[in-house]
Asks: 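A single structure is presented below for examination.
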Protein chains: 2
Amino acid sequence: MNEEEQVLIHCLYFTASRFARNITKLAERTFDFGNLAPSYFYMIMIVKFHPGITQKELCHKLSIAPSTSTRFIDKLEGLKLVTRKTSGKQTCISLTEDGEKVYVQFRSSLKELFAGYSEILGHEFSLDLSKMLHEASNKLEKEL
Amino acid sequence: MNEEEQVLIHCLYFTASRFARNITKLAERTFDFGNLAPSYFYMIMIVKFHPGITQKELCHKLSIAPSTSTRFIDKLEGLKLVTRKTSGKQTCISLTEDGEKVYVQFRSSLKELFAGYSEILGHEFSLDLSKMLHEASNKLEKEL
DNA sequence: ACTTTTAATTTGTATATGCAAATGAAGGGG
DNA sequence: CCCCTTCATTTGCATATACAAATTAAAAGT
């Protein structure tokens, strides 16, 4: 193995970005209803479990910038999947009935996605990798 | 741990995208010369080790779409860091002298980046995670 | 040698995403 | 009660990235 490969394999920024691109392709193929990118469904799920969550909390749970959350919510609101309710400085988000329906579909696609990559990567391996990424994100966020 | 957290922690798409966003922040802070996003430096490194590499090979090594490579190279060419040489259907890319200089800088920033996340995540952990991501990308690419 | 096919690159267009500046709303000090 | 600060959200702008269609150049079949 030459020097270049060593560097590429050992650089977390590089391997993580590359892997994210690859798994995004798989996810986009799996969530092929609704014309929404996969990330939107994760936002829907979080709102499902935290009705009336503030945008700020959403940003934190998804690790996205506030501006990104604004635009996501704009889009979801436009599709009548969530509702905004401003309360003072904050904005609280909840699911509409249509949003609930989309959530149900999402959950079944999610199983498909799990099955898809588990078959390719191995079930245990996928679980381990996912947990490590989760843990690493939390540590990084605490420091940055 | 509730159902939502379970799903979020176990979904590789979600944890991978989130982690990629977080580590990108760290990388952008570390590579603060040249006004280039981190990815460009990886392209430069690959060209450094494969002078005259074709665009197609670059795409494969970086896991990016051909159109993305075109635009990256446009930018690097504009900055006089690489040169294009079309040969038939293909285009071959090499570093200029300035490109070589940038590469040297990049290598030292890379050490900084490694040190930065190793301190937060642990040296062994970082290495393991990076290797797993590398391996997983390769498997995924083979299948998709 | 001409036409058809194939393969690499480019261009057009769309989107997720971020940062920095602007807005707007609460709350505290005088 | 007004000003100033603080903080959540939004808006303006920039960019990495992808897909699909267009281009271009080699290669293959006739």
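Reminder, nothing fancy here: chain letters follow the sequence lines and each chain counts from 1. Small disclaimer: the values here were computed from a predicted structure and weren't measured. What you see below is based on every heavy atom in this structure, not just the backbone, and it leaves out hydrogens, waters and symmetry mates.
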Asks: Inspect the contact between A:Arg71 and A:Asp74 and indicate whether a charged nitrogen and a carboxylate oxygen are less than 4.0 angstrom apart.
Replies: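 No, this pair does not count.
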
Asks: How is B:Thr24 classified with respect to the nucleic acid when contacts are heavy atoms under 4.0 Å: base, sugar-phosphate, or nothing?
Replies: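 No contact.
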
Asks: Of the nucleotides D:dA16, D:dT9, C:dT6, which one has an atom closest to the side chain of B:Lys89?
Replies: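 Shortest atom-to-atom distance from the side chain points to C:dT6.
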
Asks: Mind calculating the distance between CG (B:Asp74) and C1' (C:dT9) to the nearest angstrom?
Replies: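 So the two atoms are 11 Å apart, to the nearest Å.
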
Asks: Which part of the nucleic acid, if any, lies within contact of B:Ser87, taking any heavy atom under 4.0 Å across all strands shown: a base, the sugar-phosphate backbone alone, or nothing?
Replies: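 Answer is nothing: B:Ser87 stays at 4.0 Å or more from every strand.
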
Asks: Would A:Lys139 count as a cation-pi partner of B:Phe125, with NZ or CZ less than 6.0 Å from the six-membered ring centre and within 45° of the ring normal?
Replies: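 Judged by the rule (NZ or CZ under 6.0 Å from the ring centre, within 45° of its axis), A:Lys139 counts as positioned above B:Phe125.
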
Asks: To the nearest Å, how far apart are B:Ile64 CD1 and C:dA16 P?
Replies: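 Roughly 20 Å, once rounded to whole Å.
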
Asks: Counting the atoms with a prime plus P, OP1 and OP2 as sugar-phosphate, which does B:Thr91 contact under 4.0 Å by heavy atoms, base, sugar-phosphate, or nothing?
Replies: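 Answer is sugar-phosphate: B:Thr91 comes under 4.0 Å of backbone atoms only.
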
Asks: Choosing from D:dT10, D:dA18, D:dA16, which nucleotide comes nearest the side chain of A:Gln55?
Replies: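 In terms of side-chain proximity for A:Gln55, the closest of D:dT10, D:dA18, D:dA16 is D:dT10.
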
Asks: Within the structure shown, what part of the strands sits under 4.0 Å from B:Arg71 by heavy-atom distance: base, sugar-phosphate, or nothing?
Replies: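 Base contact.
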
Asks: B:Tyr42 vs A:Tyr13, test: ring pair (Phe, Tyr, Trp, His ring centres under 6.0 Å). Steps then yes/no.
Replies: CA-CA 10 Å; B:Tyr42 291 88; A:Tyr13 163 76; 5.5 Å; yes

Asks: Measure up the A:Phe41 and A:Phe106 rings against each other and bin them: parallel (under 30°), tilted (30 to 60°), perpendicular (over 60°).
Replies: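 Rings of A:Phe41 and A:Phe106: parallel, under 30°.
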
